[in-house]
K.L.:
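I'd like to ask you about the structure that follows.
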Amino acid sequence: IPEGVTAINKCTFIGFESLTSIIIPNSVKTIDQSAFAYCINLQEVTFGDGVESIGNFTFQCCHALQAINLPKGLKNIGYFAFYHCTGLVDLVIPDEVTSIGNGAFSECATLNNVMLGNALTALPRAIFAYDGRLTNVRYNEALTSIGDFAFYQCGILESLDLSPNIEYIGESAFEGCSDMRNVTIP
(Lines give C-alpha, C1' and ligand atoms only; values in the text may rest on other atoms or scores of the structure.)
Protein backbone atom coordinates (compact mmCIF):
# COMPACT_ATOMS: atom_id res chain seq x y z
CA ILE A 1 0.00 0.00 0.00
CA PRO A 2 1.62 3.27 -1.06
CA GLU A 3 2.29 6.22 1.24
CA GLY A 4 -0.44 8.84 0.74
CA VAL A 5 -3.37 6.43 1.06
CA THR A 6 -5.45 7.59 4.04
CA ALA A 7 -7.97 4.74 4.35
CA ILE A 8 -8.23 1.07 3.53
CA ASN A 9 -11.87 0.70 2.59
CA LYS A 10 -14.46 -1.92 3.45
CA CYS A 11 -13.69 -5.44 2.17
CA THR A 12 -10.65 -4.27 0.14
CA PHE A 13 -8.64 -7.47 0.60
CA ILE A 14 -11.30 -9.80 2.00
CA GLY A 15 -10.52 -13.47 1.37
CA PHE A 16 -7.10 -12.93 -0.28
CA GLU A 17 -5.77 -16.37 0.71
CA SER A 18 -2.31 -15.80 -0.82
CA LEU A 19 -1.66 -12.64 1.23
CA THR A 20 1.02 -13.37 3.89
CA SER A 21 2.15 -9.89 4.98
CA ILE A 22 1.03 -6.31 4.70
CA ILE A 23 2.75 -3.00 5.44
CA ILE A 24 0.34 -0.19 6.25
CA PRO A 25 1.95 3.24 5.69
CA ASN A 26 1.92 6.12 8.19
CA SER A 27 -0.60 8.02 6.03
CA VAL A 28 -3.40 5.49 6.70
CA LYS A 29 -5.74 6.74 9.45
CA THR A 30 -8.55 4.17 9.21
CA ILE A 31 -8.88 0.54 8.25
CA ASP A 32 -12.53 -0.13 7.48
CA GLN A 33 -14.80 -3.09 8.10
CA SER A 34 -13.60 -6.51 6.92
CA ALA A 35 -10.66 -5.00 5.00
CA PHE A 36 -8.50 -8.10 5.61
CA ALA A 37 -11.10 -10.60 6.85
CA TYR A 38 -10.56 -14.24 5.87
CA CYS A 39 -6.97 -13.68 4.73
CA ILE A 40 -6.25 -17.06 6.27
CA ASN A 41 -2.51 -17.06 5.47
CA LEU A 42 -1.81 -13.51 6.67
CA GLN A 43 1.07 -13.85 9.14
CA GLU A 44 2.35 -10.33 9.62
CA VAL A 45 0.84 -6.86 9.70
CA THR A 46 3.08 -3.82 10.08
CA PHE A 47 1.00 -0.83 11.12
CA GLY A 48 2.02 2.75 10.35
CA ASP A 49 1.97 5.22 13.21
CA GLY A 50 -1.01 7.08 11.73
CA VAL A 51 -3.61 4.33 12.18
CA GLU A 52 -6.27 5.58 14.61
CA SER A 53 -9.13 3.19 13.92
CA ILE A 54 -9.45 -0.50 13.09
CA GLY A 55 -12.99 -1.26 11.92
CA ASN A 56 -15.41 -4.07 12.67
CA PHE A 57 -14.37 -7.56 11.50
CA THR A 58 -11.16 -6.11 9.97
CA PHE A 59 -8.93 -9.14 10.60
CA GLN A 60 -11.64 -11.72 11.32
CA CYS A 61 -10.49 -15.31 10.70
CA CYS A 62 -6.87 -14.43 9.88
CA HIS A 63 -5.77 -17.78 11.32
CA ALA A 64 -2.02 -17.47 10.59
CA LEU A 65 -1.67 -14.11 12.37
CA GLN A 66 0.46 -14.85 15.46
CA ALA A 67 1.49 -11.44 16.71
CA ILE A 68 0.26 -7.92 16.18
CA ASN A 69 2.01 -4.74 17.19
CA LEU A 70 -0.82 -2.25 17.35
CA PRO A 71 0.23 1.34 16.62
CA LYS A 72 0.63 3.75 19.53
CA GLY A 73 -1.81 6.30 18.05
CA LEU A 74 -4.64 3.75 17.83
CA LYS A 75 -7.83 4.95 19.53
CA ASN A 76 -10.57 2.54 18.42
CA ILE A 77 -10.81 -1.19 17.74
CA GLY A 78 -14.13 -2.26 16.23
CA TYR A 79 -16.29 -5.17 17.22
CA PHE A 80 -15.02 -8.62 16.25
CA ALA A 81 -11.94 -6.91 14.71
CA PHE A 82 -9.67 -9.89 15.48
CA TYR A 83 -12.38 -12.50 15.97
CA HIS A 84 -11.24 -16.10 15.47
CA CYS A 85 -7.57 -15.23 14.85
CA THR A 86 -6.63 -18.68 16.10
CA GLY A 87 -2.85 -18.16 15.86
CA LEU A 88 -2.67 -14.98 17.95
CA VAL A 89 -0.59 -15.51 21.12
CA ASP A 90 0.28 -12.15 22.73
CA LEU A 91 -1.60 -8.86 22.72
CA VAL A 92 -0.68 -5.39 23.95
CA ILE A 93 -3.42 -2.77 23.77
CA PRO A 94 -1.74 0.66 23.37
CA ASP A 95 -2.29 3.31 26.03
CA GLU A 96 -4.22 5.56 23.62
CA VAL A 97 -7.01 3.03 22.92
CA THR A 98 -10.24 4.26 24.52
CA SER A 99 -12.79 2.06 22.78
CA ILE A 100 -12.94 -1.63 21.88
CA GLY A 101 -16.00 -3.27 20.35
CA ASN A 102 -17.79 -6.41 21.51
CA GLY A 103 -16.00 -9.71 20.84
CA ALA A 104 -12.94 -7.94 19.40
CA PHE A 105 -10.58 -10.77 20.43
CA SER A 106 -13.04 -13.61 21.00
CA GLU A 107 -12.31 -17.16 19.86
CA CYS A 108 -8.57 -16.48 19.61
CA ALA A 109 -7.83 -20.02 20.73
CA THR A 110 -4.09 -19.57 21.36
CA LEU A 111 -4.18 -16.09 22.92
CA ASN A 112 -2.14 -16.41 26.11
CA ASN A 113 -1.09 -12.97 27.37
CA VAL A 114 -2.90 -9.62 27.28
CA MET A 115 -1.76 -6.23 28.52
CA LEU A 116 -4.42 -3.51 28.59
CA GLY A 117 -3.55 0.13 27.89
CA ASN A 118 -3.98 2.90 30.44
CA ALA A 119 -6.83 4.79 28.71
CA LEU A 120 -9.19 1.82 28.50
CA THR A 121 -11.97 2.14 31.07
CA ALA A 122 -14.31 -0.64 29.92
CA LEU A 123 -13.95 -4.18 28.61
CA PRO A 124 -16.86 -4.84 26.25
CA ARG A 125 -19.15 -7.82 25.98
CA ALA A 126 -17.36 -11.09 25.11
CA ILE A 127 -14.03 -9.37 24.37
CA PHE A 128 -12.04 -12.53 25.21
CA ALA A 129 -14.82 -15.16 25.13
CA TYR A 130 -13.67 -18.68 24.24
CA ASP A 131 -9.97 -17.76 24.43
CA GLY A 132 -9.19 -21.16 25.91
CA ARG A 133 -5.47 -20.62 26.53
CA LEU A 134 -5.68 -17.17 28.09
CA THR A 135 -3.67 -17.27 31.32
CA ASN A 136 -2.48 -13.73 31.95
CA VAL A 137 -4.32 -10.40 31.73
CA ARG A 138 -2.72 -7.22 33.03
CA TYR A 139 -5.27 -4.58 33.94
CA ASN A 140 -4.85 -0.86 34.40
CA GLU A 141 -6.21 1.27 37.19
CA ALA A 142 -8.53 3.18 34.84
CA LEU A 143 -10.63 0.06 34.25
CA THR A 144 -14.10 0.52 35.76
CA SER A 145 -16.25 -1.99 33.87
CA ILE A 146 -16.05 -5.60 32.69
CA GLY A 147 -18.80 -6.46 30.23
CA ASP A 148 -21.07 -9.50 30.05
CA PHE A 149 -19.29 -12.69 28.99
CA ALA A 150 -15.95 -10.82 28.83
CA PHE A 151 -13.92 -13.92 29.77
CA TYR A 152 -16.56 -16.55 29.07
CA GLN A 153 -15.05 -20.05 28.79
CA CYS A 154 -11.46 -18.92 29.37
CA GLY A 155 -10.87 -22.25 31.08
CA ILE A 156 -7.25 -21.91 32.21
CA LEU A 157 -7.39 -18.31 33.46
CA GLU A 158 -6.15 -18.87 37.02
CA SER A 159 -6.12 -15.56 38.82
CA LEU A 160 -7.47 -12.06 38.69
CA ASP A 161 -6.26 -8.95 40.43
CA LEU A 162 -8.83 -6.34 39.44
CA SER A 163 -8.48 -2.58 39.32
CA PRO A 164 -9.41 -0.78 42.55
CA ASN A 165 -11.77 1.35 40.43
CA ILE A 166 -13.97 -1.53 39.21
CA GLU A 167 -17.63 -0.52 39.49
CA TYR A 168 -19.31 -3.12 37.31
CA ILE A 169 -18.76 -6.80 36.47
CA GLY A 170 -21.22 -8.09 33.89
CA GLU A 171 -23.33 -11.20 33.68
CA SER A 172 -21.34 -14.41 33.22
CA ALA A 173 -18.15 -12.36 32.87
CA PHE A 174 -16.06 -15.26 34.18
CA GLU A 175 -18.38 -18.20 33.56
CA GLY A 176 -16.48 -21.30 32.51
CA CYS A 177 -13.15 -20.11 33.95
CA SER A 178 -12.81 -23.50 35.62
CA ASP A 179 -9.17 -23.11 36.71
CA MET A 180 -9.80 -19.78 38.50
CA ARG A 181 -8.19 -20.03 41.92
CA ASN A 182 -7.60 -16.45 43.08
CA VAL A 183 -9.70 -13.37 42.59
CA THR A 184 -8.91 -10.02 44.19
CA ILE A 185 -11.75 -7.51 44.09
CA PRO A 186 -10.68 -4.35 45.89
Side-chain angles (χ1 to χ4, degrees), residues 36-37 39-47 54 57-72 74 76-186:
F36 298 97
C39 293
I40 59 173
N41 293 305
L42 182 61
Q43 298 172 14
E44 182 179 2
V45 178
T46 303
F47 291 96
I54 295 174
F57 305 106
T58 299
F59 294 97
Q60 171 182 316
C61 295
C62 292
H63 303 300
L65 194 58
Q66 294 180 0
I68 50 171
N69 292 313
L70 296 170
K72 290 188 179 190
L74 186 65
N76 177 59
I77 299 171
Y79 59 84
F80 297 101
F82 293 89
Y83 169 78
H84 206 63
C85 289
T86 55
L88 194 58
V89 177
D90 296 311
L91 174 66
V92 176
I93 306 291
D95 285 340
E96 292 78 8
V97 172
T98 57
S99 173
I100 299 177
N102 293 344
F105 300 96
S106 62
E107 294 194 31
C108 294
T110 58
L111 186 60
N112 186 261
N113 297 297
V114 174
M115 180 186 273
L116 300 173
N118 291 325
L120 195 61
T121 59
L123 293 181
R125 180 183 184 93
I127 184 172
F128 300 113
Y130 296 103
D131 290 354
R133 293 194 182 146
L134 187 61
T135 58
N136 184 28
V137 179
R138 290 175 134 192
Y139 297 93
N140 63 58
E141 294 209 7
L143 193 65
T144 61
S145 174
I146 297 174
D148 298 344
F149 306 99
F151 295 92
Y152 184 78
Q153 297 297 328
C154 292
I156 64 171
L157 187 61
E158 292 183 0
S159 65
L160 253 129
D161 189 6
L162 297 175
S163 160
N165 297 314
I166 284 289
E167 298 170 359
Y168 175 79
I169 297 174
E171 177 184 335
S172 298
F174 301 101
E175 183 179 339
C177 296
S178 54
D179 284 357
M180 186 73 70
R181 291 185 178 90
N182 301 308
V183 177
T184 303
I185 301 174

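Hydrogens, waters and symmetry mates play no part in the numbers below; they use all other heavy atoms, side chains included. In this text the structure is predicted, and so the values were computed from the model without any measurement.
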K.L.:
I need the Leu120 CG to Ile127 CD1 distance, nearest 0.5 Å.
P.N.:
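So the gap between those two atoms works out to 6.5 Å.
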
K.L.:
Considering non-hydrogen atoms only, spot the tightest contact between Ala126 and Ser106 and give its length.
P.N.:
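Looks like O-CB, 3.4 Å.
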
K.L.:
Looking only at non-hydrogen atoms, find the nearest pair between Ala142 and Asn140 and report the distance.
P.N.:
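Looking at all heavy atoms of both residues, the closest pair is N-OD1, 2.7 Å.
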
K.L.:
Find out whether Glu158 and Thr135 are in side-chain contact, i.e. whether some heavy atom of one side chain is under 4.5 Å from a heavy atom of the other.
P.N.:
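The answer is no; the side chains never approach within 4.5 Å.
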
K.L.:
Is Leu70 close to Val97 at the side-chain level, that is, under 4.5 Å between some pair of heavy atoms?
P.N.:
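SC-SC contact between Val97 and Leu70 ruled out.
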
K.L.:
Any side-chain heavy atom of His63 sitting closer than 4.5 Å to one from Cys61?
P.N.:
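Heavy-atom side-chain distance check passes, below 4.5 Å.
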
K.L.:
How far does OG1 of Thr121 sit from CG of Leu143, to the nearest 0.5 angstrom?
P.N.:
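The OG1 atom of Thr121 sits 7.5 Å away from the CG atom of Leu143.
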
K.L.:
Can you find a pair of side-chain heavy atoms, one from Glu44 and one from Gln66, that are under 4.5 Å apart?
P.N.:
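A side-chain contact is absent here, since even the closest heavy-atom pair is not under 4.5 Å.
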
K.L.:
Could you measure the distance from the CE atom of Met115 to the CG atom of Leu91? Nearest 0.5 Å is fine.
P.N.:
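It is 10.5 Å, given to the nearest 0.5 Å.
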
K.L.:
Report the relative orientation of the aromatic rings in Phe59 and Phe47; use parallel for angles under 30°, tilted for 30 to 60°, perpendicular for over 60°.
P.N.:
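Answer is perpendicular, since the angle exceeds 60°.
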
K.L.:
May I ask you to decide if the ring planes of Phe128 and Phe105 are parallel, tilted or perpendicular, using 30° and 60° as cut-offs?
P.N.:
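Rings of Phe128 and Phe105: parallel, as their planes differ by under 30°.
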
K.L.:
Looking only at heavy atoms, what is the nearest atom pair of Gly101 and Pro124, with distance?
P.N.:
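Distance-wise, the nearest heavy atoms are O-CG, 3.3 Å.
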
K.L.:
Minimum heavy-atom separation for Glu141 to Ser163, with atom names?
P.N.:
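Result for this residue pair: O-OG, 3.1 Å.
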
K.L.:
For the side chain of Asn102 and the backbone of Arg125, is there at least one donor-acceptor N/O pair under 3.5 Å apart?
P.N.:
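Confirmed, Asn102 side chain pairs with Arg125 backbone.
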
K.L.:
Measure across Asn118 and Asp95 and return the closest heavy-atom pair with its distance rounded to 0.1 Å.
P.N.:
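Scanning both residues completely, I find the closest heavy atoms to be N-OD1, 2.9 Å.
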
K.L.:
Walk me through whether Asn113 and Asp90 qualify under side-chain hydrogen bond (donor to acceptor under 3.5 Å, both in side chains).
P.N.:
CA-CA 5 Å; Asn113 297 297; Asp90 296 311; 2.9 Å; yes

K.L.:
Could you tell me whether the side chain of Thr86 reaches within less than 4.5 Å of the side chain of Glu107, counting heavy atoms only?
P.N.:
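No; the side chains remain at least 4.5 Å from each other.
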
K.L.:
CG/Asp148 to OH/Tyr168 distance, rounded to the nearest 0.5 angstrom?
P.N.:
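One gets 4.0 Å once the value is rounded to the nearest 0.5 Å.
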
K.L.:
Any chance you could lay out the side-chain hydrogen bond (donor to acceptor under 3.5 Å, both in side chains) test for Asn165 and Thr144, step after step, and finish with the verdict?
P.N.:
CA-CA 5 Å; Asn165 297 314; Thr144 61; over 6 Å; no

K.L.:
Once you round to the nearest 0.5 Å, how far does CG of Asp131 lie from CD of Gln153?
P.N.:
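Going from CG on Asp131 over to CD on Gln153, the span is 11.5 Å.
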
K.L.:
Would you give the length of the straight line joining atom OH of Tyr152 to atom CD of Glu171, rounded to the nearest 0.5 angstrom?
P.N.:
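Spacing of OH (Tyr152) from CD (Glu171) equals 10.5 Å.
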
K.L.:
Describe, in one word, how the ring planes of Tyr139 and Phe151 are oriented to each other, choosing from parallel (under 30°), tilted (30 to 60°) and perpendicular (over 60°).
P.N.:
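Correct class here is perpendicular.
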
K.L.:
So with a 6.0 Å cut-off around CG of Asn69, is the heavy-atom count from everything else above 12?
P.N.:
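Not more than 12 within 6.0 Å, no.
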
K.L.:
Identify the heavy atoms of Ala173 and Ile146 that sit nearest to each other, and give their distance.
P.N.:
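Of all heavy-atom pairs spanning Ala173 and Ile146, the closest is CB-CG2, 4.1 Å.
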
